[in-house]
Amino acid sequence: NLTVVVAADSMDLNREEMYQHPVKVQAVADLPTVDANDVVVMEYGVETTLNITVGRSGDDDDSESLSVRITVPLDDGRPVGNISATSTNEVKVTPGPNPGEYLFIPNATDFETQQDYLNSFLSTSVTFIAREDWTGVLTGEAGIKVEAIATEGVSGMDLAPNNSTRDGTG
């Protein structure tokens, strides 16, 4: 609770009243950073190594977890290729819920180790292989989308709404 004191001075008559006001503090995940290279595909079957670096947010209370989602663009309703990566003890690789999506989840509890595991894995162990009937350049909005995701460890009423562009959560 927060105690609020309201004071009024009207016509030399002082009056002061106290009110109890409940305050709720909610958690919100801070934005991490991500940097990735452009991909040029010259022919089918050639593996192109992705070089991805993620950075943790400024939050250092270890209330957040860090993961990465890679989304391969679609052409004619199909991904233009596949991401090739094999899970390790440090990073689990799973297909996402949508075509062309891949999730990379580190096996660590603190944010700094999660970042270290992801950066070590994403800079050497992830390749893109174009599908047989596709060649092109994957850059900018038409490129492979790489998202660093910070997920706040709390849930329910302790988690702030995730819809404020002013706060960086929407």
Side-chain angles (χ1 to χ4, degrees), residues 27-155 159-160 162-170:
V28 64
D30 298 305
L31 293 174
T33 62
V34 65
D35 185 43
N37 61 311
D38 290 334
V39 176
V40 178
V41 178
M42 301 310 287
E43 60 182 271
Y44 166 72
V46 175
E47 292 188 17
T48 303
T49 300
L50 303 184
N51 189 353
I52 300 166
T53 305
V54 295
R56 52 182 266 164
S57 70
D59 189 344
D60 63 358
D61 66 359
D62 285 333
S63 66
E64 301 170 356
S65 61
L66 181 65
S67 60
V68 171
R69 177 174 43 228
I70 298 177
T71 306
V72 176
L74 304 178
D75 182 47
D76 292 330
R78 299 182 303 144
V80 299
N82 295 307
I83 296 295
S84 177
T86 302
S87 294
T88 65
N89 289 335
E90 290 83 23
V91 178
K92 180 181 178 183
V93 182
T94 60
N98 299 309
E101 277 187 3
Y102 302 84
L103 303 174
F104 298 80
I105 303 165
N107 184 21
T109 55
D110 67 280
F111 214 55
E112 189 170 339
T113 304
Q114 291 170 1
Q115 174 186 287
D116 291 345
Y117 283 178
L118 284 168
N119 282 335
S120 176
F121 186 84
L122 295 170
S123 65
T124 60
S125 304
V126 181
T127 59
F128 172 77
I129 304 168
R131 71 176 195 228
E132 190 170 339
D133 59 345
W134 191 88
T135 59
V137 178
L138 298 171
T139 61
E141 294 295 318
I144 295 172
K145 185 176 184 179
V146 180
E147 299 168 279
I149 302 166
T151 305
E152 184 60 51
V154 298
S155 61
L159 186 61
N162 190 20
N163 59 2
S164 170
T165 52
R166 179 181 56 83
D167 296 332
T169 62

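- Nearest heavy-atom pair, Phe104 versus Leu118, reported as atom, atom and distance to 0.1 Å: O-CD2, 3.8 Å.
- For the pair Arg131 and Asn82, the minimum side-chain heavy-atom distance is 4.5 Å or more.
- Residues Ile70 and Ile52 have side chains in contact (heavy-atom distance under 4.5 Å, counting atoms from C-beta outward).
- Rounding to the nearest 0.5 Å gives a distance of 8.5 Å between CG of Leu50 and CZ of Phe128.
- Side-chain atoms of Thr113 and Asp116 form no donor-acceptor pair, as typed in the model, at a separation below 3.5 Å.
- Taking every heavy atom of both residues into account, Arg78 and Asp133 meet most closely at NH2-OD2, 3.0 Å.
- In this structure the side chain of Asn89 never reaches within 4.5 angstrom of the side chain of Asn107, judged on heavy atoms.
- Summarising the geometry of Gln115 relative to Val54, their closest heavy-atom pair is CG-O, 3.7 Å, with the distance given to 0.1 Å.
- The backbone N or O of Ile129 sits nowhere less than 3.5 Å from a side-chain atom of Glu47 that would complete a donor-acceptor pair.
- For Asn98, the CG atom counts as densely surrounded, since its 6.0 Å shell holds more than 12 non-hydrogen atoms of other residues, nucleotides or ligands.
- With contacts defined as side-chain heavy-atom distances shorter than 4.5 Å, the pair Ser123/Thr53 does not qualify.
- Closest approach of Val34 and Ala148 over heavy atoms only: CB-CB, 4.0 Å.
- Between Pro73 and Lys145 the shortest side-chain heavy-atom distance does not fall below 4.5 Å.
- Between Pro79 and Pro99, the shortest heavy-atom contact is CG-C, 4.1 Å.
- With contacts defined as side-chain heavy-atom distances shorter than 4.5 Å, the pair Ile83/Val126 qualifies.
- Residues Val68 and Leu122 form a side-chain contact, since some pair of their non-hydrogen atoms from C-beta on lies under 4.5 Å apart.
- To the nearest 0.5 Å, the span separating CD on Glu147 from CG on Leu103 amounts to 10.0 Å.
- You'll find the side chain of Tyr102 stays beyond 4.5 Å of the side chain of Thr94, heavy atoms only.
- Between Thr124 and Thr49, the closest heavy-atom pair is O-CG2, 4.5 Å.
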